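Convention: sequence-line order gives letters A, B, ...; per-chain numbering from 1. Everything numeric in this text was worked out from a predicted model, so none of it was measured.
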Amino acid sequence: MKKGDHLFLVDGSGFIFRAFHAIPALNRKSDGLPVNAVSGFCNMLWKLLRDARNTDVGVTPTHLAVIFDYSSTTFRKEIYPLYKANRSAPPEDLIPQFGLIRHATRAFNLPCIETEGFEADDIIATYARQAEAVGADVTIVSSDKDLMQLLTPNVHMYDAMKDKQIGIPDVIEKWGVAPEKMIDLQAMTGDSTDNVPGIPGIGPKTAAQLLEEFGDLETLLARAGEIKQIKRRENIIANAELARVSRQLVELRTDVPLDMKLEDLVLEPQDGPKLIGFLKAMEFTTLTRRVAEVCDCDAGAIDAAVVPVEWGDAARGPDLDAGDVSTSSDTATSALSAASSSAPAASPDGKTPADLAASRANAFAGKPIDRSAYVTIRDIETLELWIAAARETGLVAFDTETTSLDPMQAELVGVSLAIQDNVLSPGSTDIRAAYIPLTHKTGVGDLLGGGHAEGQIPMKEALAALKGLLEDPSVLKVAQNLKYDYLVMKRHGVTLQSFDDTMLMSYVLDAGKGNHGMDGLSEKWLGHTPIPYKDVAGSGKSSVTFDLVDIDRATAYAAEDADVTLRLWLVLKPRLAAEGLTRIYERLERPLVPVLAHMEERGITVDRQILSRLSGELAQKAAATEDEVYELAGERFNIGSPKQLGDILFGRMGLPGGSKTKTGQWSTSAQVLEDLAAEGAPLPRKIVDWRQLTKLKSTYTDALPGYIHPQTKRVHTGYSLASTTTGRLSSSEPNLQNIPVRTAEGRKIRTAFISTPGHKLLSADYSQIELRVLAHVAEIPQLRQAFADGIDIHAMTASEMFGVPVEGMPSEVRRRAKAINFGIIYGISAFGLANQLSIERSEAGEYIKKYFERFPGIKDYMESTKAFAREHGYVETIFGRRAHYPEIKSSNPSMRAFNERAAINAPIQGSAADVIRRAMIQIEPALVAAGLSERCRMLLQVHDELIFEVEDEAVDAAMPVIVDIMENAAMPAVSMRVPLKVDARAAHNWDEAH
DNA sequence: CCCCAACCGTA
DNA sequence: GTACGGTTGGGGG
């Protein structure tokens with residue numbers, strides 16, 4: 001090796017773990033063998049070697065080695081026995097992949113290096129220093145901070161998964177110290193994953209600051225007495241020895257004895273057939289094809305290699321054998337089991353949807369994203385070229401950049417597009433992305449700051465061109481959280497036609513398995529971290545709106561969003577078919593996007609004067625109540641502080657019956673205070689009153705006016721389609737699904753929600769929809785009969801349970817039956833029912849027992865639902881929507897019980913949610929058909945209630961249309977065994993309409 | 001300025 | 001006992 005040579009040192013061990021966690025375990029061989037880490041590893045190596053032939057890249061390895069850890073016993077354990085003592089065993093699915101990755105390395109014709117007693121990092125350090133000594137350049141392929149200490153002007157790092165170089169300035173930016181100081185910094189901060197102790201309480205910021213001041217660790221320890229902060233000084237002096245031991249642990253050895261000399265690491269030519277044989281054995285079809293193309297081999301003529309699998313654990317073998325994968329509940333196996341049981345049949349070429357889904361996931365997992373290829377479109381001719389290309393492929397991902405997160409306030413700043421590359425560059429399977437800046441301004445630092453930036457297509461011209469594309473039904477538009485872009489574009493005169501939403505796809509597939517935000521999905525499916533928004537626009541006080549972001553930075557961010565969205569679509573779309581969820585997505589999810597967008601756009605009028613008057617009243621009452629509280633307490637304190645309140649009630653005043661919350665605080669919940677009030681103490685009642693008054697004031701009367709839109713003068717809530725596990729919507733900013741109704745005082749808030757002159761608010765709500773769903777799914781004869789006969793369901797329950805006739809039934813008896821009915825829906829427990837009814841747990845247990853005796857079908861439903869959830873990891877609504885409960889088999893009994901209750905509730909709550917979704921989707925066309933669409937508009941949804949604004953003269957015509965649609969909304973998909981009933985009223989405010 | 005716990009409004 | 005979102009206090013930085 002000589003000057004000018006370039007040695008690549010691949011941190012194989014580090015890469016294994018990263019690939020394993022970044023790439024979903026969906027990547028399995030057909031026999032169930034997990035190969036996700038192998039897949040990520042092979043893709044990364046292939047990319048590295050491909051780039052190596054590409055002279056444009058400028059970083060061309062002449063030598064390359066892949067370095068692994070040999071075992072966990074190293075010299076560091078002798079220095080510090082606790083080193084890495086907190087490491088748990090590797091995940092089961094990873095164990096067989098360690099051996100496979102070494103095979104992969106050899107299949108790539110690359111040296112595979114490990115040395116007993118040393119970690120991969122030490123070997124890397126040794127080679128790096130040797131190569132540097134002879135004048136060669138070194139690139140360490142890793143992102144591990146433990147290796148950053150090795151960086152010099154000749155030694156670089158490269159994060160292969162993020163496709164990012166890490167240089168000396170990056171280390172300084174991230175850690176605040178130069179690479180050579182990293183050893184001292186890590187010695188101080190320690191490392192919890194490796195169990196390196198460090199100095200307790202010293203984090204990277206403090207450590208960097210101290211190193212800045214004292215230069216290095218030894219100097220710092222010698223002069224620790226000079227540190228001004230007393231605690232910090234004593235802490236460092238007390239832990240000086242710990243820091244020295246830590247330093248020995250983190251400093252990499254550069255004297256590891258090595259069998260392979262630098263010369264042995266020279267990069268040999270690829271052995272195509274050998275590599276293809278291995279890749280075929282792993283069933284990596286995409287990579288096999290690529291390698292065959294580049295190496296000019298006929299892949300079909302090469303047999304899959306025989307690759308021995310070391311399971312590491314004999315017990316692991318049998319249950320992964322083909323066919324028996326349905327007992328596990330992770331992504332991979334539920335996908336596989338769904339594919340084998342309910343997926344559509346294979347297409348003529350023998351590929352099932354599941355095959356396609358798996359190969360897509362495989363193709364994109366860890367596939368690098370090259371932001372430098374993004375284009376900024378600054379002239380109309382180029383834009384037209386892109387639009388033509390999008391029309392040709394019929395598929396385009398798009399994203400809007402705006403000035404606000406609120407689609408009703410947002411002004412368009414730019415638009416990004418991503419398309420598959422086979423048009424602009426024939427034969428390619430890559431993705432091209434571009435950003436079209438429209439209203440960027442010059443930076444604020446500029447003397448002429450705030451002016452329109454040069455090189456942007458005039459908004460009108462660009463919108464006219466884009467309108468043709470976005471409204472073209474023959475081109476599928478893909479976006480993430482499309483409702484946002486739909487609304488923004490609609491406000492700019494463009495109404496989207498033909499679209500898919502990757503967020504909703506993820507939601508349909510994986511509700512209950514985490515968020516469906518783009519960044520998270522990108523991590524999960526692409527192994528890629530998109531640029532965080534705050535990195536381009538800043539955060540907090542120093543943040544700027546997107547129009548002030550520099551256009552080049554904006555391009556990287558915005559084009560990436562479209563790029564990632566298109567990749568996600570390519571991965572998720574085939575999963576819908578593979579898992580039998582296309583109908584749910586297309587019938588229950590996607591059509592709701594324009595419906596909700598229109599509701600959000602319409603908003604509702606909220607009367608500022610009414611709220612202001614209520615606020616004044618509440619303020620007076622709250623102040624008076626506050627005074628009475630101080631009087632009764634004998635001192636002034638912050639009533640709003642549960643902590644202070646608890647201390648006064650249970651500490652100083654010594655009231656009995658206190659209970660503690662999980663953090664050891666006294667509980668001062670309304671329940672506790674009510675119980676105290678029942679004992680005769682006057683103060684708790686006042687607190688309850690005060691809380692109600694201040695809650696109404698702060699959450700409603702004071703907050704709502706702030707949401708009145710400056711132009712429309714109406715309040716536009718935002719609906720989230722993908723934030724519940726069950727399929728319900730949620731509402732925020734403001735939340736109009738929790739406007740008070742239970743108390744007279746609270747209902748006054750509703751009088752402020754009014755219709756425009758000449759109109760009424762019409763409220764239509766399902767009566768007892770969840771109990772009706774329960775009667776349907778559990779097939780309870782008495783419940784079905786009661787609903788068919790239209791009798792009081794809670795009274796019927798009480799009558800069945802306690803043998804009391806419905807006529808003249810005491811209200812307390814009915815109340816208890818009602819609580820039990822609700823409890824059933826919530827997956828009842830004796831504990832919860834006892835709490836709700838303020839009775840003994842044993843008594844509640846008796847009630848439940850009795851209930852199950854009278855309605856054995858309920859017990860059966862609960863047991864079979866739990867069994868289904870345990871078997872599949874999810875439950876289904878009557879329409880087939882899935883809610884996942886990955887923790888259902890938790891070994892923690894209370895966690896498990898919680899998941900069981902949620903799994904029992906989800907089909908009931910979720911089926912009701914699906915019913916009203918169907919109603920909402922059908923209502924707009926029904927109103928159009930009735931000639932009422934201009935006179936009756938749907939404004940709000942509150943889980944089982946829809947609120948419309950209707951012209952006075954159209955109320956009588958609209959009401960039966962709405963009621964009819966709602967009552968028959970389950971049909972024809974599901975024919976319910978109980979009728980659905982809807983009550984509707986119209987009035988000039990929401991209180992009277994409800 | 002950000003995060004969490006406690007509390008409470010709805011279905 | 002289910003599902004949410006918003007406000008406040010309080011601790012940490």
### Nucleotide nearest T726(A) (side chain, heavy atoms from C-beta), chosen from dA3(C), dG5(C), dA11(B)
dA3(C)
### Query
Given atom OH of Y700(A) and atom P of dC8(B), what is their separation to the nearest angstrom?
12 Å
### Task
Grab the NZ-C1' distance between K205(A) and dC1(B) for me, whole Å please.
15 Å
### Message
At 4.0 Å (heavy atoms only), tell me whether E945(A) reaches a base, stays on the sugar-phosphate, or touches nothing.
### Response
nothing
### Summary
Atom CG of L696(A) and atom P of dG6(C) are separated, to the nearest Å, by 17 Å
#### Entry: Closest to the V741(A) side chain, choosing from dG6(C), dT10(B), dG10(C)
dT10(B)
### Query
Which of the following nucleotides, dG6(C), dA3(C), dA6(B), is nearest to the side chain of S732(A)?
dG6(C)
### Message
Within a 6.0 Å radius of atom CZ on R841(A), are there more than 12 heavy atoms belonging to other residues, nucleotides or ligands?
### Response
no
### Message
Just the rounded figure in Å: distance from P of dA11(B) to CD of Q737(A).
### Response
10 Å
### Message
Mind checking if R728(A) touches a base, just sugar-phosphate, or nothing, with heavy atoms under 4.0 Å?
### Response
base
### Message
Taking any heavy-atom pair under 4.0 Å as a contact, classify R742(A): base, sugar-phosphate, or nothing.
### Response
base
### Query
Across the strands shown, which category fits T694(A) at heavy-atom distances under 4.0 angstrom: base, sugar-phosphate, nothing?
nothing
### Message
Quick check on dG10(C): is either OP1 or OP2 less than 4.0 Å from any side-chain nitrogen or oxygen of S641(A)?
### Response
yes
## Note on the structure
N738(A) has its side chain closest, among dG11(C), dC4(C), dG9(B), to dG9(B)
### Nearest-angstrom distance from the residue atom CD1 of I739(A) to C1' of dG5(C)
11 Å
### Task
For this output row, return yes or no: ring centroids of F852(A) and Y847(A) closer than 6.0 angstrom.
no
### Task
Check whether any side-chain nitrogen or oxygen of T663(A) sits under 4.0 Å from OP1 or OP2 of dA6(B), and answer yes or no.
yes
### Message
For Watson-Crick and G-U wobble pairs within 3.5 Å on both distances, what is DNA chain B written in dot-bracket notation, | included for inter-strand pairing?
### Response
|||||||||||
### Message
Heavy atoms only, 4.0 Å cut-off, all strands: where does S829(A) land among base, sugar-phosphate and nothing?
### Response
base
### Query
Base, sugar-phosphate, or nothing: which does L833(A) touch, judged by heavy atoms less than 4.0 Å apart?
base
### Task
Determine the contact category for S539(A): base if any of its heavy atoms lies under 4.0 Å from a base atom, sugar-phosphate if only primed atoms, P, OP1 or OP2 are that close, otherwise nothing.
nothing
### Task
Looking only at side-chain atoms of F898(A), point me to the closest of dT2(C), dG5(C), dA6(B).
dT2(C)
#### Entry: side-chain N/O Q644(A) vs dG10(C) OP1/OP2, d < 4.0 Å
yes
### Query
Going by atom types alone, do N821(A) and Y851(A) pair a side-chain donor with an acceptor below 3.5 Å?
yes
### Query
When you check the phosphate oxygens OP1 and OP2 of dA6(B), does a side-chain N or O of T661(A) lie under 4.0 Å from one of them?
yes
### Query
Is A819(A) touching bases, backbone alone, or none of the nucleic acid, heavy atoms closer than 4.0 Å?
base
### Task
Hey, can you tell me if W666(A) and F650(A) have their rings parallel, tilted or perpendicular (30° and 60° cut-offs)?
parallel
### Query
Rounded to whole angstroms, how far apart are CG on D702(A) and C1' on dT8(C)?
14 Å
### Query
So what does Q665(A) touch, heavy atoms closer than 4.0 Å: a base, only the sugar-phosphate, or nothing?
nothing
### Task
Indicate, with a heavy-atom threshold strictly under 4.0 Å, whether S720(A) touches base, sugar-phosphate, or nothing.
nothing
#### Entry: N or O in side chain of T724(A) less than 4.0 angstrom from dA3(C) OP1/OP2
no
### Task
Tell me whether the OP1 or OP2 atom of dG9(C) has a side-chain N or O from N638(A) closer than 4.0 Å.
yes
### Task
Flag yes if more than 12 heavy atoms outside E840(A) fall under 6.0 Å of its CD atom; otherwise flag no.
no
#### Entry: Whole-Å gap separating P (dG6(C)) and CG (L736(A))
10 Å
### Task
Establish, with yes or no, whether the OP1 or OP2 oxygen of dC7(B) is under 4.0 angstrom from a side-chain nitrogen or oxygen of T668(A).
yes
### Task
Measure from the side chain of S698(A), starting at C-beta and using heavy atoms only, and say which of dT10(B), dT8(C), dG6(C) lies closest.
dT8(C)
### CD/E674(A): more than 12 non-hydrogen atoms of other groups inside 6.0 Å
yes
### Query
Would you say the side-chain atoms of R772(A) pair up with the backbone N or O of P979(A), donor to acceptor, closer than 3.5 Å?
yes
### Query
Which of residues 908-920 of chain A have a heavy atom under 4.0 Å from DNA chain C?
Q909(A)
### Residues K621(A) and E745(A) bridged, charged N to O under 4.0 Å
yes
### Query
Over how many whole Å does the gap from K866(A) atom NZ to dT2(C) atom C1' extend?
15 Å
### Query
Just wondering, are more than 12 heavy atoms of other shown residues or ligands nearer than 6.0 Å to CD in Q620(A)?
no
### Query
Contact class for G827(A) vs. all strands (heavy atom < 4.0 Å): base, sugar-phosphate, or nothing?
nothing
### Query
Hey, is the side chain of T725(A) poking within less than 4.0 Å of OP1 or OP2 on dC4(C), counting only N and O atoms?
yes
### Task
Using a cut-off of 6.0 Å, state whether more than 12 heavy atoms not belonging to N515(A) lie near its atom CG.
no
#### Entry: Side-chain donor-acceptor contact under 3.5 Å, E733(A) with T717(A)
no
### Message
Could you check whether T668(A) and R691(A), counting side-chain N and O atoms only, form a donor-acceptor pair closer than 3.5 Å?
### Response
yes
### Message
Tell me whether the side-chain N or O atoms of N735(A) pair up with the base of dG5(C) as donor and acceptor below 3.5 Å, since no angle test is needed here.
### Response
no
